[in-house]
> 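The structure that follows is given in the form of structure tokens.
Keep in mind it's a predicted model, so treat the numbers as computed, not measured. Each chain gets a letter, A, B and so on, in the order its sequence line appears, and its residues count up from 1.
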Amino acid sequence: MADDYPKVDRVMGGASGWFSIALPAVLFLYFLGLVPQIAETPQVRGIEWVPSLGIGLSVLLDGLSLTFALLITGIGTAVTLYSARYLGQHPDYPRFVAYLMLFMVGMLGLVLAGNLISLFVFWEVTTIASYLLIGFNADSAKSRRSALQALLVTGTGGLILLAGMIVLGTVAGSFELVEILSQGEMLRDHPWYLAILLLFLAGAFTKSAQVPFHFWLPNAMAAPTPVSAYLHSATMVKAGVFLLARMNPALGGTEAWFWMLTLFGGVTAVFASVMSLRQTDIKQVLAYTTLMALGTLTMFIGAGTHYAIMAAMLFLVVHSLYKAALFLMIGIVDHATGTRETGVLGGLAKAMPLTGLAAALAAVSMAGIPPMVGFIGKEFMYKAGLGLGGFGAIWVTVMIFAASVMMFVVAGIVAWKPFRGELRQTPHAAHEGPWPMLAGPLVLGALSLIFGLFPGILAHYFVGPATHAVFGEVREVHLYLWGGINMALVLSLLTFLAGWLMYRRHEAIRDRLTRIEEGSRVNFDAGWDRVLDGLKALAAWQTRLIQTGNLQTYMAVIFASFTILVGATFLLRGGMGSGINYQADGIHPIQWTVLALIAMGAILATITSSRMTAVAALGVVGIGVALIFIMFSAPDVAITQLLVEVLVVVLVALVMLRLPHLPVRSASGFRAGHAAIAAAFGILSTLVMIAVLQTPFDRRLTDFFEIASWPEAHGRNIVNVILVDFRATDTFGEIVVVVIAAVGAYALLRGAPGARPTPEDEEPAQVAAADKGEKV
Amino acid sequence: MSWILVNPILIPLVTAVLAYLFRTSPAGRWISVAGTVVLLFASLILMGEVLEHGVIAGQMSNWQAPFGITLVADYLGGVMVVITAITAMATVIYTLAEIPERLERLGFHALLQVLVAAVCGAFLTGDLFNLYVWFEVMLISSFGLLVLGGSKEQLDGGIKYVTLNLVSTIMFLSGIGLLYGITGTLNMADLHLAVREVENAGLLTTIAVMFMVAFGVKAALFPLFFWLPASYHTPPVAVSAIFAGLLTKVGVYALIRSFTLIFDQDVTFTHTILLWLAVATMVTGVLGAAAMNDFRRILSFHIISQIGYMVLGLALFTPLGLVGAVFYLVHHIIVKANLFFVAGVAKRIGGSTDLSRLGGLYAHAPLLAFLFLIPAFSLAGFPPLSGFWAKYVVVKAALDLEMWFVAGASLAVGLLTIYSMTKIWGAAFWPKHPDGIKPRLGDLPAGERVALMAPIVGLAVLTCIIGLFPEPFVQFAETSAEQLLDPTAYVTTVLGVQP
């Protein structure tokens with residue numbers, strides 16, 4: 001990427017750039033137009049998709065989905081405008097736009113979906129888009145690793161979620177959300193409730209990066225900054241939170257729900273706040289504060305009171321506004337100075353006044369200072385926390401106090417420290433960003449102020465309807481800046497005080513945290529590597545075990561499998577039968593002699609080390625079989641058998657003259673195993689055959705052939721008539737086999753590698769050398 | 001009616017003869033292409049008839065069933081023939097740019113066409129012994145294709161392939177003999193009725209398990225699949241692709257056919273074995289894929305893993321399970337053949353199929369990258385592509401039966417499938433080529449580029465259509481599942497008077 005903003009032909013990314021800006025903008029206006037209507041009455045519209053499976057593309061438009069849709073398209077417009085300038089000259093910019101649009105469509109589909117399975121479809125679309133966007137700088141191994149990590153972590157959650165959705169749909173009798181959300185009581189009492197809840201939480205917690213599944217999110221910052229702002233802060237990572245909010249009327253309100261969400265959410269919020277203080281790269285700082293926000297949202301949705309839900313919906317908007325602005329801001333700073341390190345940046349206010357203004361607006365909101373909307377957000381979180389009963393109130397309030405204090409500190413680190421004081425030396429000389437990149441952060445920052453001054457708009461059109469949708473019951477929502485002197489305000493003042501004190505010592509705190517982290521043995525990211533390595537080792541181990549490359553082993557396993565499966569069935573399912581006579585009576589001594597001959601031939605063939613002896617021994621077996629045919633008066637079959645045997649022995653013997661000697665046979669234990677398999681296989685086959693021969697034979701076909709052979713098929717030799725008329729299709733197929741065998745053999749002789757080596761012949765050898773798979 | 005059923009077998013055979021006669025001139029390959037186009041039309045006509053009548057049957061040599069051999073097409077047989085024709089056409093077009101003249105002169109196209117004829121025969125026959133004959137034709141022609149050109153590695157893979165498959169064929173033949181011994185018939189519709197008369201039910205189950213093992217080798221079930229990873233990466237890519245698409249699927253088809261039409265007497269026993277074999281197949285296959293570092297080897301192990309899903313659908317033996325099995329079969333053939341095609345192009349422009357010797361395809365061949373993602377994500381079961389619906393239906397069928405472990409295993413296997421697909425993407429596409437090569441599609445001669453890419457584009461479009469508009473395909477699979485679970489129409493059409 002260019003260091004500066006050179007003027008090239010593709011200003012603003014050309015056609016794809018303008019398209020990418022226009023699409024979210026138009027959608028934003030469309031959704032904005034729906035607001036007054038939807039705020040009053042939610043709507044469901046349905047489109048058929050896969051009715052056979054009960055899956056429709058229905059749309060559920062209510063306060064929750066519309067608020068999300070506006071965030072997605074609104075911030076989407078800011079981000080695409082920004083990206084057109086930020087990445088417009090990148091050779092892969094059109095692909096970037098394609099991924100971004102794919103994501104936007106997926107995210108909109110996710111929040112608007114009125115059917116669980118179609119929600120999942122879009123959920124996965126966002127996962128794919130996120131994978132492709134995190135790996136956008138494909139040359140960097142770090143990007144690739146982060147992309148894979150995000151894909152696998154959220155993908156795992158996604159698959160678990162799918163199971164949860166299927167089970168929930170089965171229990172509720174429908175995948176339509178409207179139907180499911182109206183059956184909350186039945187679902188919560190269902191014996192599978194807890195299982196369904198856990199499956200859903202696995203999906204939501206991985207997508208929304210709750211501890212201990214959080215580690216992928218800071219790594220996802222390998223993506224270009226607009227992507228981090230859009231996907232990994234403002235929208236996609238909130239999909240998990242969205243899902244929880246969406247399912248609240250169906251699954252929420254139980255003890256399990258309350259504690260799972262408040263515990264995971266609270267721990268995530270505080271852990272992430274602490275971790276954010278530890279970072280020096282401002283983008284990483286922001287990544288951890290996003291985690292904090294996701295934890296907070298989860299916690300309040302879990303708390304479940306009307307006030308808590310309202311606080312969550314309010315904070316959802318508040319956070320999206322300030323966090324997207326801050327990410328875009330740090331992108332401008334990075335672009336202009338070449339660094340994002342807190343230690344390096346300073347005094348940017350003079351060189352980048354507008355960027356500084358955007359940063360200030362957003363950061364003041366983040367710190368929760370009036371008159372920004374962030375202040376209202378914090379106040380209501382305190383109120384909601386204090387309003388909970390019992391231990392829950394203490395837990396939530398303490399968690400949110402700790403997180404808020406640290407957000408105050410972080411606001412100072414990201415938006416105060418880099419801009420105040422003397423201008424510091426940076427890799428590039430700092431200068432103001434261009435308007436397309438400034439517009440987004442400034443507008444978003446301004447909105448934080450406007451909503452703070454006029455919270456009524458927010459309450460009436462967005463937070464109110466969204467709260468109704470999540471809480472499942474209509475209650476008045478009233479937001480205000482000044483609520484009189486109360487406990488929440490006291491806590492707010494305490495927050496500022498503690499925050500200010502901590503900010504003054506934040507570098508010392510950071511050093512301390514760094515030492516703690518380096519001494520700690522808990523490292524989620526390294527743990528991930530170990531899991532992946534373990535998986536690879538397991539895969540390699542089992543594949544070496546199974547695919548040995550040794551044909552003898554393969555044969556042994558197949559025959560052993562046959563013997564075990566068929567033998568077990570024969571024994572277990574009563575195939576041996578009660579009325580079957582396994583006695584070997586009635587066999588003539590001459591027959592015994594022939595049988596002994598066959599057995600000796602077979603044994604000799606297996607134990608000899610000479611190929612020639614083996615072939616001759618097999619010939620003995622064949623001739624023995626021919627003798628049996630003769631004894632049972634089938635001379636034509638016997639003649640065929642004899643001819644084939646003789647030919648085979650002669651041909652094989654001829655070929656053998658040109659073959660090298662056999663290698664030394666393997667260890668005797670090995671061969672004992674094979675002998676056991678062979679013996680068991682032979683005995684089993686014999687027993688099954690005896691059982692079959694003693695069942696009465698149905699002569700329908702034989703009788704028909706005997707009757708119809710001459711009058712209808714005009715042939716006296718029934719065997720011949722069967723071959724050329726009754727079952728001529730078989731014979732035709734067999735002729736094809738013979739012809740193709742000839743063609744193949746001819747080709748093999750003509751195309752032998754000795755004749756003319758070609759590049760095709762050499763290449764696979766390379767593969768074999770690189771990947772020691774098959775070898776004889 | 002008979003000709004409609006015979007055509008899909010006869011057309012490729014006639015094409016084979018003509019292609020062999022003209023094997024030394026360029027006409028040979030164009031005859032081969034034309035043959036597959038005609039085959040596609042014939043298969044669509046067949047499908048049309050099936051859609052109209054439900055099941056159609058034709059008595060060969062005019063001997064009424066069960067005395068002669070019957071060809072029969074129901075929904076499953078019909079769609080398998082159509083998908084075979086599509087795969088054949090895609091493959092033959094692909095070979096125009098991939099198969100050197102040297103192999104054409106040795107009779108490549110004839111072998112390929114005979115293989116296609118055998119596969120169609122296997123899908124259409126209503127006679128168990130005739131199925132065996134088509135298996136034999138398939139085996140000998142595929143062996144010919146596998147070792148054609150005769151490199152050492154090909155021969156090594158070929159020997160394993162042919163030996164292990166011969167074992168399967170012999171088991172199959174023994175099974176046929178024994179089954180004939182206790183029922184006195186070979187016609188599958190007749191067998192459906194005859195097995196109900198068998199007194200020694202345990203013996204029948206024993207024979208059923210023999211068929212299970214024989215077809216299990218063909219279908220590459222655990223622990224019988226060794227021949228597949230040993231051989232599929234050795235021949236020309238076009239051959240790998242058609243093998244990957246069709247061969248194991250004939251085994252799966254045979255399992256589905258025999259374990260719905262004939263062996264439905266002891267379902268709790270036989271289908272429970274199938275269930276655990278299926279789960280083990282899914283798991284070992286995908287772990288094998290995760291362990292490989294070669295484009296084609298990864299794909300080969302994936303076939304095994306996905307076979308597990310199909311057989312799982314059969315093993316569940318519910319309407320939804322069979323919907324899943326049928327849907328999976330069709331989806332998988334398209335996607336898997338396509339991935340092999342992509343691997344071939346990657347090898348062509350990137351110089352290798354070894355992942356450590358590939359790279360740069362994302363930057364320099366964006367079209368190929370895009371066309372890889374569609375079948376790859378589909379295979380991994382991402383919505384809204386065909387593989388998602390296949391996986392969804394099978395998993396739902398398992399969950400409906402409250403088989404939590406089985407459903408969990410199939411979802412976990414889905415995750416590992418994603419992992420191994422990203423392994424290819426993360427090695428062959430995203431990073432730079434280790435030798436600094438810039439693999440561009442534009443560097444291929446225009447004609448070859450079209451021949452290589454047209455099949456990939458076509459199959460990718462099919463994948464997207466099935467993914468975005470699954471309803472007609474699901475409905476089709478539902479009707480197919482109904483026919484399989486209640487073969488009355490099949491039996492009466494075969495044994496009764498011709499419609």
> Could you check which of A/Trp123, A/Trp192, A/Phe705 has the highest count of heavy-atom pairs closer than 4.5 Å to chain B?
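Maximum pair count with chain B is reached by A/Trp192.
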> Quick check on the interface: out of A/Ile117, A/Ile55, A/Asp725, who has the most heavy-atom pairs with chain B under 4.5 Å?
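Among A/Ile117, A/Ile55, A/Asp725, the one with the most close pairs to chain B is A/Asp725.
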> Is there a side-chain contact between B/Phe469 and A/Val50 in this structure, where contact means two heavy atoms from C-beta onward sitting under 4.5 Å apart?
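A side-chain contact under 4.5 Å is absent here.
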> Please classify the contact of A/Trp541 with chain B as side chain, backbone, both or neither, using a heavy-atom distance under 4.5 Å.
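Contact with chain B: none, neither part.
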> Using non-hydrogen atoms only, which part of A/Val736 is less than 4.5 Å away from chain B: side chain, backbone, both, or neither?
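Just the side chain, heavy atoms under 4.5 Å.
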> With only heavy atoms counted, which part of A/Leu701 is less than 4.5 Å from chain B, the side chain, the backbone, both or neither?
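Both backbone and side chain.
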> What I'd like to find out is whether the side chain of A/Thr695 reaches to under 4.5 Å of the side chain of B/Glu199, using heavy atoms alone.
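No, too far: nothing below the 4.5 Å cut-off.
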> Under 4.5 Å heavy-atom distance to chain B, tell me which part of A/Phe732 shows up: side chain, backbone, both or neither.
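Contact with chain B involves the side chain of A/Phe732 alone.
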> When you check the side-chain N and O atoms of B/Thr284 and A/Gln542, is any donor under 3.5 Å from an acceptor?
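No, A/Gln542 and B/Thr284 have no side-chain donor paired with an acceptor closer than 3.5 Å.
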> Between B/Ser61 (side chain) and A/Phe726 (backbone), is there a donor-acceptor pair under 3.5 Å?
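No.
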> Taking side chain as everything from C-beta outward and backbone as N, CA, C, O, which of these in A/Thr569 sits under 4.5 Å from a heavy atom of chain B? Side chain, backbone, both or neither.
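Contact with chain B involves both backbone and side-chain atoms of A/Thr569.
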> Within the structure provided, determine whether B/Met210 and A/Phe570 are in side-chain contact (heavy-atom separation under 4.5 Å).
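No, side chains not in contact.
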> Need one label for B/Pro472: side chain, backbone, both or neither, based on atoms under 4.5 Å from any heavy atom in chain A.
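For B/Pro472, neither part sits under 4.5 Å from chain A.
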> So that I know where these two stand, are B/Phe388 and A/Phe120 an aromatic pair - ring centroids less than 6.0 Å apart?
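Aromatic pair counts; centres sit under 6.0 Å.
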> Testing the 3.5 Å rule here: is there a donor-acceptor pair between the side chains of B/Trp430 and A/Asp139?
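Short answer, no.
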> Can you say whether B/Val167 sits under 4.5 Å from chain A via the side chain, the backbone, both, or neither, judging by heavy atoms?
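Side chain only.
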> State, yes or no, whether a side-chain contact exists between A/Trp49 and B/Pro470 at a heavy-atom distance under 4.5 Å.
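Yes, at least one pair of side-chain atoms sits under 4.5 Å.
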> Do A/Arg573 and B/Leu203 come close enough that some side-chain heavy atom pair is under 4.5 Å?
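Contact flag for A/Arg573/B/Leu203 side chains = no.
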> Distance under 6.0 Å and angle within 45° of the ring axis: does A/Arg95 meet both against B/Tyr362?
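Yes, A/Arg95 sits over the ring of B/Tyr362.
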> Can you tell me if A/Gln547 uses its side chain to pair, donor with acceptor, with the backbone of B/Phe226 under 3.5 Å?
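It does hold such a pair.
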> For B/Thr183, is it the side chain, the backbone, both or neither that has a heavy atom under 4.5 Å from a heavy atom of chain A?
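Backbone of B/Thr183 only, per the 4.5 Å heavy-atom cut-off to chain A.
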> Which answer fits A/Leu162, side chain, backbone, both or neither, if we ask what part of it has an atom under 4.5 Å from a heavy atom of chain B?
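For A/Leu162, the contact with chain B is made by the side chain alone.
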> Are the side chain of B/Glu471 and the backbone of A/Ser52 linked by a donor-acceptor contact shorter than 3.5 Å?
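Answer holds: yes.
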> Using a cut-off of under 4.5 Å on heavy-atom pairs, state which of A/Ile546, A/Asp698, A/Val692, A/Thr731 scores highest against chain B.
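Heavy-atom pair counts peak at A/Val692.
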> Could you check whether any side-chain heavy atom of B/Leu416 comes within less than 4.5 Å of a side-chain heavy atom of A/Leu535, counting everything from C-beta outward?
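The answer is yes; the side chains approach within 4.5 Å.
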> Among A/Leu572, A/Val125, A/Leu53, A/Val167, which residue forms the greatest number of heavy-atom pairs with chain B at distances under 4.5 Å?
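Most heavy-atom pairs within the cutoff with chain B belong to A/Leu53.
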> Contact part of B/Tyr20 toward chain A, heavy-atom cut-off under 4.5 Å: side chain, backbone, both or neither?
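It is the side chain, since no backbone atom gets that close.
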> Which atoms of A/Leu538 are under 4.5 Å from chain B, going by heavy atoms: the side chain, the backbone, both sets, or neither?
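Contact with chain B involves the side chain of A/Leu538 alone.
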> Whether the side chain of B/Lys396 engages the backbone of A/Thr170 through a donor-acceptor N/O pair (distance < 3.5 Å, no angle test) should be reported.
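No.
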> Determine whether A/Tyr554 and B/Thr163 make a side-chain contact, defined as any pair of heavy atoms from C-beta on separated by less than 4.5 Å.
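No, every pair of side-chain atoms sits at 4.5 Å or beyond.
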> Is the number of heavy atoms from other residues, nucleotides or ligands under 6.0 Å of B/Phe370 CZ greater than 12?
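Check fails, neighbour count at 12 or below.
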